[in-house]
Every structure is written in C-alpha cells, then in structure tokens.
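What follows is a single structure, written as structure tokens, with notes after it.
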Amino acid sequence: MRRGFPWMLAFALSVGAGEITIDLKNPAYRNGILYTDEGGVIQNDDIRIQARHIQYIHHTENKEVVQKIEAEGDLLIQYKGRAYAGDALEYDFMQSKGRVFGGKTFASLWYVGGDEIELMPDGSYNVKNATITTCENKDSSWDFHAGKVDVTKNELLSAKKVRFRFFKIPFMWFPSFKLNMKKFKEPVLRYSINWDKGQGPRAMARYQLFSWQEFALFARLE
C-alpha cells in the first residue's frame, strides 16, 4: 500500500566503521537491508553518498560485522576530498573501499572516467577501461584510452599501453604514460592551422610527452 504522506528517516549509527549518518526518504527494512527508491544521503567522515536508489546493508556474518551500501540513480559521491559521478556504487564501510561503475571524476583540467573506478582507503583510485581528456562531454572529440589507469592521492596518473584517439579512432600508441594532473594545467595537445601563408597552409602541433611531479617534456611539430 502506498503511503499517504512522505516521511524521512534520519539517524546516526556508530559501529565498527565509525559514526554513519543515514538520511533516507520513505525507507523500508527487510532481511537486514534498509532501502529506498526515493532518494537519500549516507555519510561518515570519509565518504558522502547521494543517490535515488539506496540499499544500506548491516548484519553479522560469520561473527564479523558487514556494513555495505549499494546505490544508483542520480549518483554523486564525495570521497577523500574528491567528487565522483557514476551509474552505480558498491562501498564497504568496514574496508573503506568501493567501486563506481560507469564512473567519472575531475582534477584541474582533466576528466578521468571508465567502466569501473576502484576507490582505495588512502584516497587513491584506479580506473578500468579508462579515458582521459579535457573535454567535459561524454563523447569528446579526443582522448587517451588505456586498459587501466592508476592515480595517487596527489594527482599523479600513470598508465600503460595508451592510445591517443581522435573521434574514437586511434592515431598514436604509447607504451606508458605519466601525468601530473594537478601541477601542469596546459593542454596535452595543442594545434593550429594557418591558411594565410604565401607558401601554402602551415600546421603546428605541440604534444606533452611526459609530466611528473615538477617536470614536463613537450614535442613540437610544424
């Protein structure tokens, strides 16, 4: 039976993972699972999860406390000072680890996304089937693609077997790729074409081959 009036459930729970604040709209409880399909927020000192569909799981299994959350729909996550968006989330409060499916995050000028983002306890993360670009749109005109990308909590990105793609078509391949996303804010690829030269058109391109900590290396072609 549908409830006549919406209502909110908000309380703080302190167990093995520390104090967890749960704020759900029209929740229901069944078999150790507190859930809602009408939106809510769950958070502690490390993470804040906001979504339309939320399942909070809390029970004892083999004498061990299980505290997990599954969320999807209008999903927004703030974890260790970083924001993530995605299709779905699985997060373990006891291990301070989680996975964002169809996820994306942002650092300085860079957008990093992929099929799955694994959130680590120290604030670092890794991305499977990853794309790296400065374009905000989902279908960007260019990107770097790698099977896996590792990013430290200090915004140092490293990847292997990287392809540079233009409109999803691979143009260049690199055995490895490293990037300091926080320090160097200039575009990785910069190009221009000038048609008003007496000897014909002139094209120029500059590509950032490598950046790490306080160092950056560029290649230039005219």
Side-chain angles (χ1 to χ4, degrees), residues 75-77 79-90 97-120 122-222:
L75 179 64
L76 180 63
I77 305 146
Y79 183 65
K80 302 283 187 177
R82 174 176 300 283
Y84 300 85
D87 298 327
L89 167 73
E90 294 177 356
K97 294 175 64 176
R99 294 183 296 171
V100 184
F101 301 95
K104 195 171 189 179
T105 187
F106 176 76
S108 297
L109 298 176
W110 299 99
Y111 292 90
V112 182
D115 291 347
E116 181 181 317
I117 301 177
E118 185 176 9
L119 310 177
M120 307 305 292
D122 63 352
S124 62
Y125 61 96
N126 57 65
V127 188
K128 295 181 181 179
N129 196 25
T131 58
I132 310 158
T133 183
T134 56
C135 299
E136 183 178 359
N137 296 333
K138 182 177 180 180
D139 297 321
S140 59
S141 57
W142 69 271
D143 61 32
F144 293 94
H145 180 270
K148 183 182 178 183
V149 164
D150 298 306
V151 184
T152 71
K153 62 181 180 180
N154 297 320
E155 312 291 3
L156 301 179
L157 180 150
S158 61
K160 294 182 178 179
K161 299 180 180 179
V162 179
R163 291 175 293 173
F164 173 74
R165 304 187 304 182
F166 194 67
F167 291 106
K168 305 299 181 181
I169 300 174
F171 271 79
M172 290 182 286
W173 180 86
F174 306 94
S176 63
F177 178 79
K178 289 189 175 184
L179 175 69
N180 185 335
M181 296 189 296
K182 190 174 182 179
K183 181 66 177 179
F184 300 99
K185 298 183 178 180
E186 295 186 26
V188 166
L189 179 67
R190 178 181 293 173
Y191 61 92
S192 64
I193 300 176
N194 193 330
W195 300 93
D196 297 328
K197 297 294 181 182
Q199 298 179 348
R202 179 179 179 180
M204 184 276 292
R206 191 186 73 160
Y207 171 72
Q208 185 182 113
L209 293 172
F210 178 87
S211 72
W212 196 251
Q213 296 183 357
E214 302 295 326
F215 176 77
L217 177 65
F218 296 88
R220 181 184 176 96
L221 176 67
E222 291 190 12

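The shown structure was predicted, so the numbers you read here are calculated from the model rather than taken from an experiment.
Note that NE2 of His145 and NZ of Lys161 are 13.0 Å apart. Values are rounded to the nearest 0.5 Å. Rounding to the nearest 0.5 Å places CD1 of Ile132 at 10.5 Å from CZ of Arg165. In this structure, the separation between CE on Met172 and CZ on Phe144 is 6.5 Å, given to the nearest 0.5 Å. Atoms CD and CZ, on Glu90 and Arg99 in that order, are 4.5 Å from each other to the nearest 0.5 Å. Rounded to the nearest 0.5 angstrom, Asn126 CG and Thr152 OG1 are separated by 12.0 Å.
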>> Is there a side-chain contact (heavy atoms from CB on, under 4.5 Å) between Phe177 and Leu157? Walk through the geometry before answering.
In response: CA-CA 8 Å; Phe177 178 79; Leu157 180 150; 3.9 Å; yes
>> Set out, in order, the CA-CA distance, both residues' side-chain angles and the distance that settles side-chain contact (heavy atoms from CB on, under 4.5 Å) for Thr131 and Lys104, then state yes or no.
In response: CA-CA 9 Å; Thr131 58; Lys104 195 171 189 179; over 6 Å; no
>> Apply side-chain contact (heavy atoms from CB on, under 4.5 Å) to residues Lys97 and Met120 and explain how you reach the verdict.
In response: CA-CA 5 Å; Lys97 294 175 64 176; Met120 307 305 292; 4.1 Å; yes
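With sequence neighbours excluded, the residues satisfying side-chain hydrogen bond (donor to acceptor under 3.5 Å, both in side chains) with Asp115 are Asn129. The salt bridge (charged side-chain N to carboxylate O under 4.0 Å, His left out) search around Lys153 returns none, not counting sequence neighbours. Remark: Lys128 engages Glu116 in a salt bridge (charged side-chain N to carboxylate O under 4.0 Å, His left out) (not counting sequence neighbours).
Of all the heavy atoms in Ala146 and Val162, the pair that sits closest is CB-CG2, 4.1 Å. Minimum heavy-atom separation, Lys148 to Asp150: CE-OD1, 3.4 Å. Scanning both residues, Val127 and Ala130, for their nearest heavy atoms gives CG1-CB, 3.6 Å. For the pair Ile117 and Val112, the tightest heavy-atom approach, listed with the atom from each and the gap, is CD1-O, 4.5 Å.
Side-chain atoms of Thr105 come within 3.5 Å of backbone N or O of Ala83 as a donor-acceptor pair. Without hydrogens or angle criteria, Arg82 side chain to Phe106 main chain gives a donor-acceptor distance under 3.5 Å.
Around atom NZ of Lys80, more than 12 heavy atoms belonging to other residues, nucleotides or ligands sit under 6.0 Å away.
Ring centroid separation for the pair Tyr84 and Tyr125 comes in under the 6.0 Å cut-off.
In this structure, a donor-acceptor pair under 3.5 Å is present between the side chains of Ser124 and Asp122.
Ring geometry for Trp142 versus Trp110: interplanar angle over 60°, hence perpendicular rather than tilted (30 to 60°).
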